Amino acid sequence: MLYVEKPLGKMDLVVELGSGNGQTLVDLANRNIEGDLQFMGIEMNFSLYEKSCSLLTKDNNNITFVNNDFEYVISTFHNESISMFLSILPHPNYIGKESEVNWKSFYEMMISKMKRYGQFLLITEYTNELLSAVSVEEYVKWRKWIILTFEAIGFDVNVVADHAPNGFLSYYLSQFSNDTDRIKILTLLMGK
Ligand SMILES: C[S@@+](CC[C@H](N)C(=O)[O-])C[C@H]1O[C@@H](n2cnc3c(N)ncnc32)[C@H](O)[C@@H]1O
């Protein structure tokens, strides 16, 4: 399910940044209903937040959705208090090359909130400016850039996969899976 190398401990918190319609996190939480993980999804769009809340049942006492800016919410946590961050197809404001100077400081703050052996699962996509079929060369160049950028922030990139993890439900992942020539998916699992 999650790429956890060793089981997370009791009451470990898994936070999804930009949780969209909540589908991913509710599915993960339902698969961990007897476990000891707590899940928090942060989404600033109110109607998506409402959709997330509508997925919850009385058994979902291991999951919370928050309607706010994740930059603010994460800044309120103690250092080294969050076990796992998930970011699935982040908005270009948090991954685009052109806005790198803006988002680097967010990830620097985020890594300080991640536990010593915590993890960050990032699933992101590459498209080119013409929205034409992506060549292997341009994809590999972009992948190298993104890995070096996250390493420069302080992350150890432990797993690199040129696809999404199996069994991850996400509205945008399912949309993008129909256009694999023009949209290349990259998964990075990072520690610190
Ligand atoms: C491309 S969508 C991906 C949603 C979901 N992870 C998925 O795969 O379907 C990015 C989401 O991040 C949210 N978002 C962007 N910036 C945010 C911020 N600073 N705080 C909270 N949510 C944010 C957007 O509202 C949007 O729902």
Side-chain angles (χ1 to χ4, degrees), residues 1-3 13-32 37-56 60 63-77 81-114 119-129 131 134 142 146 149-150 153 161-180 182-190:
M1 180 172 82
L2 295 176
Y3 285 109
L13 181 60
V14 177
V15 174
E16 185 181 5
L17 307 169
S19 44
N21 66 7
Q23 191 181 8
T24 310
L25 212 59
V26 170
D27 179 56
L28 291 175
N30 283 341
R31 290 198 257 160
N32 190 258
L37 300 179
Q38 287 292 318
F39 296 85
M40 175 185 285
I42 311 172
E43 172 54 56
M44 69 181 181
N45 178 296
F46 184 69
S47 64
L48 290 172
Y49 160 78
E50 277 192 319
K51 275 191 187 148
S52 310
C53 295
S54 73
L55 299 178
L56 297 177
N60 288 125
I63 178 166
T64 312
F65 286 106
V66 178
N67 180 218
N68 211 325
D69 182 337
F70 58 64
E71 293 204 41
Y72 165 70
V73 177
I74 298 306
S75 74
T76 65
F77 278 85
S81 60
I82 298 174
S83 299
M84 187 158 199
F85 285 98
L86 307 175
S87 180
I88 303 169
L89 305 175
H91 187 279
N93 286 353
Y94 292 95
I95 204 72
K97 207 168 189 172
E98 59 295 334
S99 48
E100 181 186 342
V101 282
N102 301 330
W103 51 255
K104 266 175 106 169
S105 58
F106 166 68
Y107 291 109
E108 282 162 8
M109 185 268 289
M110 194 195 98
I111 199 174
S112 72
K113 308 296 180 180
M114 197 164 102
Q119 292 182 316
F120 174 30
L121 180 68
L122 171 66
I123 306 172
T124 186
E125 87 280 9
Y126 176 76
T127 54
N128 63 31
E129 282 172 11
L131 274 180
V134 170
W142 167 80
I146 206 159
T149 303
F150 278 92
I153 291 170
D162 297 323
H163 51 78
N166 283 338
F168 249 75
L169 294 181
S170 140
Y171 173 77
Y172 280 95
L173 270 181
S174 60
Q175 300 291 309
F176 291 178
S177 67
N178 298 324
D179 201 351
T180 52
R182 297 190 307 164
I183 307 177
K184 298 294 178 198
I185 301 291
L186 172 69
T187 299
L188 299 180
L189 181 67
M190 300 178 256

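For the numbers below, each heavy atom of this structure counts, side chains included, while hydrogens, waters and symmetry mates do not. Note that ligands are numbered from 1 as they come in the structure, with each ligand's atoms numbered from 1 the same way. Residue numbers count from 1 along this sequence. Note that the structure is a prediction, hence the values are computed from the model and not measured.
In this structure, N45 CG and S52 OG are separated by 9.0 Å, a value rounded to the nearest 0.5 Å. Between the CD atom of Q119 and the CD1 atom of I82 there is a distance of 14.0 Å, given to the nearest 0.5 Å. Atom CG of L13 and atom NZ of K113 lie 13.0 Å apart (nearest 0.5 Å).
Considering backbone and side-chain atoms alike, P90 places every N or O at 3.5 Å or more from each N or O of ligand 1. The N/O atoms of G18, backbone and side chain alike, include one that comes under 3.5 Å of an N/O atom in ligand 1. For the pair Y172 and ligand 1, the shortest N or O to N or O distance falls below 3.5 Å.
For E50, there are no salt bridge (charged side-chain N to carboxylate O under 4.0 Å, His left out) partners at least two apart in sequence or on another chain. Residues that satisfy the salt bridge (charged side-chain N to carboxylate O under 4.0 Å, His left out) test with D69, not counting sequence neighbours, are absent from this structure.
Within 6.0 Å of OH on Y171 lie no more than 12 heavy atoms contributed by other residues, nucleotides or ligands. More than 12 non-hydrogen atoms from other residues, nucleotides or ligands lie less than 6.0 angstrom from OH of Y126.
Ligand 1 is never approached by Y72 to a heavy-atom distance shorter than 4.0 Å. Residue contacts with ligand 1: N68 is included, with a non-hydrogen atom under 4.0 Å away. For the pair E43 and ligand 1, a heavy-atom separation below 4.0 Å is found. In this structure, E16 is part of the shell of residues with a heavy atom less than 4.0 angstrom from ligand 1.
The distance from ligand 1 to the heavy atoms of L89 drops below 4.0 Å at these ligand atoms: 1 (C), 2 (S), 3 (C), 10 (C). Counting the atoms of ligand 1 from 1 in the order shown, those under 4.0 Å from a heavy atom of L48 are 27 (O). Of all atoms in ligand 1, numbered sequentially from 1 with element shown, those under 4.0 Å from a heavy atom of S170 are 7 (C), 8 (O), 9 (O). Per-residue contacts place Y94 under 4.0 angstrom from the following atoms of ligand 1 (heavy atoms of the residue considered): 16 (N), 19 (N). With ligand atoms numbered from 1 in the order given, ligand 1 contributes 18 (C), 19 (N), 20 (N) to contacts under 4.0 Å with heavy atoms of D69.
Ring-centre distance between W103 and F150: below the 6.0 Å cut-off.
Closest heavy-atom approach to atom 17 (C) of ligand 1 within the set F176, F46, F70: this belongs to F70.
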